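Worksheet: the structure to be examined is printed underneath.
Order of the sequence lines fixes the chain letters, A, B, ..., with proteins taken first and strands second; residue numbering starts at 1 for each chain. Small disclaimer: the values here were computed from a predicted structure and weren't measured.
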Amino acid sequence: MNLFVEGFAWILDPANWSGPGSIPERLGQHLAVSATVLLIAMVIALPVGALIGHTGRGREAAVMVSGGLRALPTLGVLTLFGLWIGIGLTAPILALVILAIPPLLAGAYAGFESVDRRTVDAARAMGMRELQIVGGVELPLGLPILVGGIRSASVQIIATATLAAYLADEGLGRYIFQGLKTRDYAEMLGGSILVIALALVVDGCFALVQRIVVPAGVRATRTRELRSRPARSRAATG
Amino acid sequence: MIEFRGVSKQYPDGTVAVEGVDIVIEPHTTTVLVGSSGSGKTTLLRMINRMVDPTGGQVLIDGTDVATVDPVRLRRGIGYVMQNSGLLPHRTVVDNVATVPVLTGVSRKQARARALELLDTVGLERSLADKYPSQLSGGQQQRVGVARGLAVDPNILLMDEPFGAVDPIVRSELQQELLRLQGELGKTVVFVTHDIDEAFLLGDQIVIMQQGGRISQAASPAEILAAPADAFVADFVGAERGKRSLHLTEVDGRTVVVDGDGRPAGVLAP
Amino acid sequence: MTWLWSNLDEVGELMLVHLALSVPAVILSLVFSIPLGWTAHRYAWSRGVLLSIAALLYAIPSLALFVSLPPLTGFGLRSPMNLVIALTIYGVAVMVRTAADAFDSVSREVRQSATALGYSASGRFWGVELPLAGPVLLSGLRVVIVSTVSLATVGAVIGVPSLGSLFTDGFQRGIQAEIVTGIVATILLALVLDLVAVLLGRLLLPWTRTPSGRRASQERAMETTERVAGAA
């Protein structure tokens, strides 16, 4: 237990709060890398997921791709990219983007297809264009699930960015690898505590956002709606 | 006027939903498409606003083939009311009613003002305007659905089993309300139901559909009762069961109407 | 390929080591998540608490957890026990929600008719609820298998040998074939364990073998898999 005390002491040590490799610098790097990766992965995955959820086509393929990508060992992908591209930030960023796509894709299509097909049918019958249906009906109603996907992706990115310090001089993970090398357990533990705190704060923020984006009209019936996922079926023809 | 000319619909998998249908729907009348599930009645209805495109024949509105009209523009000019109201759960009642006017470029303020008037029209308290659909009863939701269908003051109102999901008492209320509205507004209403009593109550013209999407008979309620086209129609309207064959008997000097089973149905007005 | 042939023994040995790390973690995850999931299912108030804790644990980056555990457990940083505990924590975090859903999936009618037949509470659990929750539990277990096998490789960076050692070694010595071998071997191992789980499921849950039952459980599995993202 007193190891944790040392860990916290390391975090509080003023020497670690300035100069090259200081906590603010590493924290900034960690956040910058994670945000970059999240942005790139979202640009790729969200439109595709929205399209799949809206049309119902390509769902099987998406499930397979995201399932397959999930089985990939993170460290293997990181080291392979590191070997191909070399030491630096490009390799980890690329690897992280690939690993962040499955939860984003799943969140996007699950969100869009969770919207009751009868509601979508009614919107179309009223004369909404497809883009208006996507933006005005499916997006607001599917947003909580979509944000859930972004939430798990971001948590995963932060975790993997820690590991990425194995091949790049980047982020809070550096403390862990540095401490490992110099047998400085306090530094390893301090770094770990910081990473955990960061992950939990980000996770908490997204959890909050997830709550906020539930449309007011849905909030009253939310538990009921989440329990019984509406099935996708062709609109009834009498 | 809405006209179906030799309309058919066959899905890619080979199922025939509608076959060789000809119907003429006069303006300012209510036509009820009635049949059991799988008779293609909803498919026919949805052809009018191009939610479904026929694979054969034409659907014309005032002489124009709807296939030549942009579906989105077409739909914005036609009211549509469906079962379970199809309201957008994340928008308030007033915003739901104002949806289509806002889509067509009416200012939000004007659209909302008109939506409030429509709530009066369909018999809803204005205090419900800022509620969400999930906070309303089933009957209230259906009324909002009707108000939304009327929002752009369309000539044509399509109603797809609009009262199918509410309990009998509320249904009868809504039916009376629709009759009242139709008396005031005189829309061209096309109404789908599987309930023959509802059809007789609401329809000026009744189109009885049978399995495979063919018309058995299209006529006024009186004509159908007087001369059912075939055994299917006779059975469907219940002519065989005695429910519709009424007799007159004298009781205490007044003329009482009784049905085939001898149950009194009413008193003949002097 | 030549690298693989000349190092076949080593790869085989690492595979066994990897199995020894992941199989106990998977089994422990199942064992712990069943009572926790049942509690969440049975007592509404505990559901939020348990699922929140699970989500919290799940959000902890793996490397940081590996480093933080030894002072709490007393095992060394490079001890396999340390890794097994960490993997179990993630497994439970992933599995609790599925387990709760699994018990939710047992229909009320079935449960009431079991009570009416005269089952005791514990008899009903072992004889009715647990078997009927089986298909959904299995789908959750399959997710845990894939994520555990994949996560176990991370231990290599702190010096716990596994198939992940092929990644660190291959990276340091610049042998691409070694890393690729490691990736393929990890996925293969996950697939084999997944297959074992499916076969065990067929053996233990024979009623799901009917076409309709299989379809239903597959759909559930898909749903669950969607909800649970892979851990890093």
Side-chain angles (χ1 to χ4, degrees), chain A residues 1-4 7 63 66-80 82-84 99 102-103 106-107 109-110 148-149 152-153 155-163 166-167 172-173 176-177 179-180 185 188-189 191-196 198-200 202-204 207 227 229, chain C residues 52 55-56 58-72 77 104 143 146-147 149-159 163-164 166-172 174-176 178-187 190-191 194 219 222-223 225-232:
Chain A
M1 258 316 180
N2 60 345
L3 281 172
F4 271 104
V63 170
S66 49
L69 283 178
R70 260 170 208 166
L72 277 180
T74 315
L75 185 62
V77 179
L78 274 172
T79 47
L80 194 61
L83 213 56
W84 282 342
L99 297 163
Y109 74 64
S152 28
V155 165
Q156 186 185 319
I157 290 170
I158 287 174
T160 316
T162 316
L163 199 55
Y166 186 68
L167 30 142
L172 296 167
I176 299 178
F177 289 111
L180 199 64
Y185 207 92
M188 287 175 75
L189 211 49
S192 297
I193 293 166
L194 289 174
V195 169
I196 291 171
L198 177 64
L200 294 185
V202 170
D203 187 51
R227 283 284 173 84
R229 286 166 52 107
Chain C
S52 302
L56 215 65
Y58 183 71
I60 295 177
S62 51
L63 188 57
L65 185 67
F66 293 163
V67 172
S68 307
L69 273 180
L72 299 173
L77 182 63
D104 289 346
V143 176
V146 173
S147 77
V149 169
S150 168
L151 257 182
T153 60
V154 174
V157 299
I158 51 167
L163 283 173
L166 298 175
F167 304 149
T168 49
D169 192 62
F171 179 69
Q172 275 153 12
I175 308 170
Q176 190 183 308
E178 188 172 358
I179 299 179
V180 174
T181 304
I183 294 177
V184 173
T186 311
I187 294 176
L191 285 179
D194 183 56
E219 269 166 25
M222 271 165 112
E223 258 179 46
T225 323
E226 268 164 38
R227 228 175 304 145
V228 184

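Annotation: the span from Thr74(A) atom OG1 to Ile183(C) atom CD1 amounts to 10.0 Å, rounded to 0.5 Å. Between atom CG of residue Leu72(C) and atom CG of residue Leu65(C) there is a gap of 9.0 Å, rounded to the nearest 0.5 Å. Interatomic distance, OG1 of Thr79(A) versus CD of Gln176(C), reported as 10.5 Å (0.5 Å rounding).
Heavy atoms closer than 4.5 Å to chain A are found in the side chain of Leu77(C), but not in its backbone. With a threshold of 4.5 angstrom between heavy atoms, Ala190(C) does not approach chain A through any atom at all. Heavy atoms closer than 4.5 Å to chain C are found in both the backbone and the side chain of Ile196(A). Of the two parts of Glu178(C), neither the backbone nor the side chain holds a non-hydrogen atom closer than 4.5 Å to a non-hydrogen atom of chain A. Residue Ala55(C) touches chain A through both its backbone and its side chain, counting heavy-atom pairs closer than 4.5 Å. The contact between Leu200(A) and chain C is made entirely by side chain atoms (from C-beta outward), counting heavy-atom distances below 4.5 Å. With a 4.5 Å cut-off on non-hydrogen atoms, Val157(C) touches chain A through its backbone and its side chain both.
Most heavy-atom pairs under 4.5 Å with chain A, from the set Val149(C), Ile158(C), Thr168(C): that is Thr168(C). Contacts with chain A were tallied for Ala156(C), Gly182(C), Gly174(C); Gly174(C) has the most, counting heavy-atom pairs under 4.5 Å. Of all the listed residues (Asp203(A), Leu83(A), Val195(A), Val202(A)), the one sharing the greatest number of non-hydrogen pairs under 4.5 Å with chain C is Leu83(A). Your options are Leu172(A), Ile193(A), Ile176(A), Leu194(A), and the one with the most heavy-atom pairs under 4.5 Å with chain C is Ile176(A). Residue with the most contacts toward chain C among Val155(A), Ile158(A), Leu80(A): Leu80(A) (heavy-atom pairs, distance under 4.5 Å).
Side-chain N or O atoms of Tyr185(A) include one that pairs as donor or acceptor with a backbone N or O of Val67(C) at under 3.5 Å.
Phe177(A) has its side chain within reach of Leu63(C): a pair of non-hydrogen atoms, C-beta onward, lies under 4.5 Å apart. Leu78(A) has its side chain out of reach of Tyr166(A): every pair of non-hydrogen atoms, C-beta onward, lies at least 4.5 Å apart.
The only option from Leu166(C), Leu191(C), Thr181(C), Thr153(C) that meets the side chain to side chain contact (heavy atoms under 4.5 Å, CB included) definition with Thr186(C) turns out to be Thr153(C).
Closest approach of Ser150(C) to Leu72(A), counting heavy atoms only: OG-O, 3.5 Å.
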